[in-house]
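Whatever order the structure lists ligands and atoms in, that order sets their numbers, starting from 1.
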Amino acid sequence: MIKMTELTKKFAGRDFLTLQDFTPDDLGLFIAAARELKARQKAGTPHPLLAGKTLAMIFTKSSTRTRVAFEVGIHQLGGAGLFLSERDIQLGRGESIADTARVLSRMTDGVMIRTFSHAEVEELARYATVPVINGLTDYLHPTQALADLMTIEEHKGRLAGLKLAYIGDGNNVAHSWLIGCSKMGLDISLACPAAYEPAAEILQAARANAAASGGRVSVGREPLEAARDADVLYTDVWAGMGQEEETSKRQAAFKGFCLDAAALAAAQPDAIVLHCLPAHKGEEITAEVFEGPQSVVFDEAENRLHAHKAIMALLMG
Ligand code: CP
Ligand code: NVA
């Protein structure tokens, strides 16, 4: 049984901007807390760890999973979530990030933000006196990677020593995967088209993490090579939010970077298939693989709820 109050003492007041800010042990504790909260919710055991607390949730991009997971999650923890669309708050009319951070810090117990610029999220965290949680930027998607690590651990019983293959864009999700895998001792093998590789500094950080954890990091151009003997297969959309005008250019560049039956055949026979969703079936993943028996994408989506609850409970408790 996890002692949630002990964990809360350890993490209270911290921000959750990137997995890089946490040690492998820390990340293991977040995953253990998420699994504990999942078990309590499934058993119908109340867990009002954030009774009376409020999370402000700023969104300047669309969301289904992240929004619902945070909003339902804080409710299940006994608190309340405030959905703040950029269209409705003064931030959208030019009020500064710094002022918004200081106002929200006077009224709420935590701020979650999904937006374009990672630098803005860092600025928000600098000015806020309450924890700030990164719900996705163009650069990183750390809450996704945490929930996905939890999903892998549930299905595989371990993390270190597994191989994850990521086929597609070296984007925000790939960046958080590079950090997450390298911290936790997984091997990560990416296949990305030329000019769509992950950022050099992320690769550098991941290689340094891997040297400490025993993982390995590789980036190539061949999806089947990346998928060979993988325990986990992962992909994400070819064009993310804010890249809509590049869609046709990207469709050409990413042709063949697809999680399909051939990739599945190259992987371990018991490999699991993950996708952060939403998916564009027929592009980065075939409908056959998406709907097939090795796909655990809806377990993965559900685990956003449990992982986000753990993040909130430990930071805001
Ligand atoms: N995977 C993910 O973050 O989904 P949403 O965009 O629906 O939040
Ligand atoms: N890479 C995608 C992830 C969506 C959850 C995007 O940024 O749109």
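Using a 3.5 Å distance cut-off with no hydrogens or angles, the side chains of S189 and S218 do pair a donor with an acceptor. No side-chain donor from either of E122 and Y139 sits under 3.5 Å from a side-chain acceptor of the other. Side-chain atoms of Q90 and R93 form a donor-acceptor pair, as typed in the model, at a separation below 3.5 Å. With 3.5 Å as the limit, one finds no donor-acceptor pair spanning the side chains of Q243 and D138.
Ring orientation note: the planes of F59 and F83 are tilted relative to one another, at an angle of 30° to 60°. By the 30° and 60° cut-offs, the orientation of the rings of F22 relative to F30 is perpendicular.
Using a 4.0 Å heavy-atom cutoff, H141 is listed among the residues neighbouring ligand 1.
The distance criterion of under 3.5 Å between nitrogen or oxygen atoms is not met by R67 with respect to ligand 1. For a threshold of 3.5 Å applied to N or O pairs, the pair formed by N172 and ligand 2 contains at least one separation below that value. Residue L277 places at least one N or O, backbone or side chain, under 3.5 Å from an N or O of ligand 1.
Set against the non-hydrogen atoms of R304, the atoms of ligand 1 under 4.0 Å away are 1 (N), 2 (C), 3 (O), 4 (O). Applying the 4.0 Å criterion to heavy atoms of C276 picks out, from ligand 1, the atoms 1 (N). Distances below 4.0 Å separate heavy atoms of Q144 from the following atoms of ligand 1: 1 (N), 2 (C), 3 (O). Of all atoms in ligand 2, numbered sequentially from 1 with element shown, those under 4.0 Å from a heavy atom of G240 are 6 (C), 8 (O).
In this structure, atom 4 (O) of ligand 1 lies nearest to the protein heavy atom R65 NE, 2.8 Å. When only non-hydrogen protein atoms are considered, atom 6 (O) of ligand 1 lies nearest to R114 NH1, 2.8 Å. Of all protein heavy atoms, the one closest to atom 7 (O) of ligand 1 is T64 N, 2.7 Å.
Distances from atom 3 (C) of ligand 2 to the heavy atoms of D236, L277, T64 show the closest one on D236. Distances from atom 6 (C) of ligand 2 to the heavy atoms of E244, M241, H275 put M241 nearest.
With a 6.0 Å radius and a threshold of 12 heavy atoms from other residues, nucleotides or ligands, Q204 has its CD atom at or below the threshold.
Shown are D148, D231, I152, L149; of these, the side-chain contact (heavy atoms from CB on, under 4.5 Å) with L164 is made only by I152.
Not one N or O on the side chain of S295 forms a donor-acceptor pair closer than 3.5 Å with the backbone of E291.
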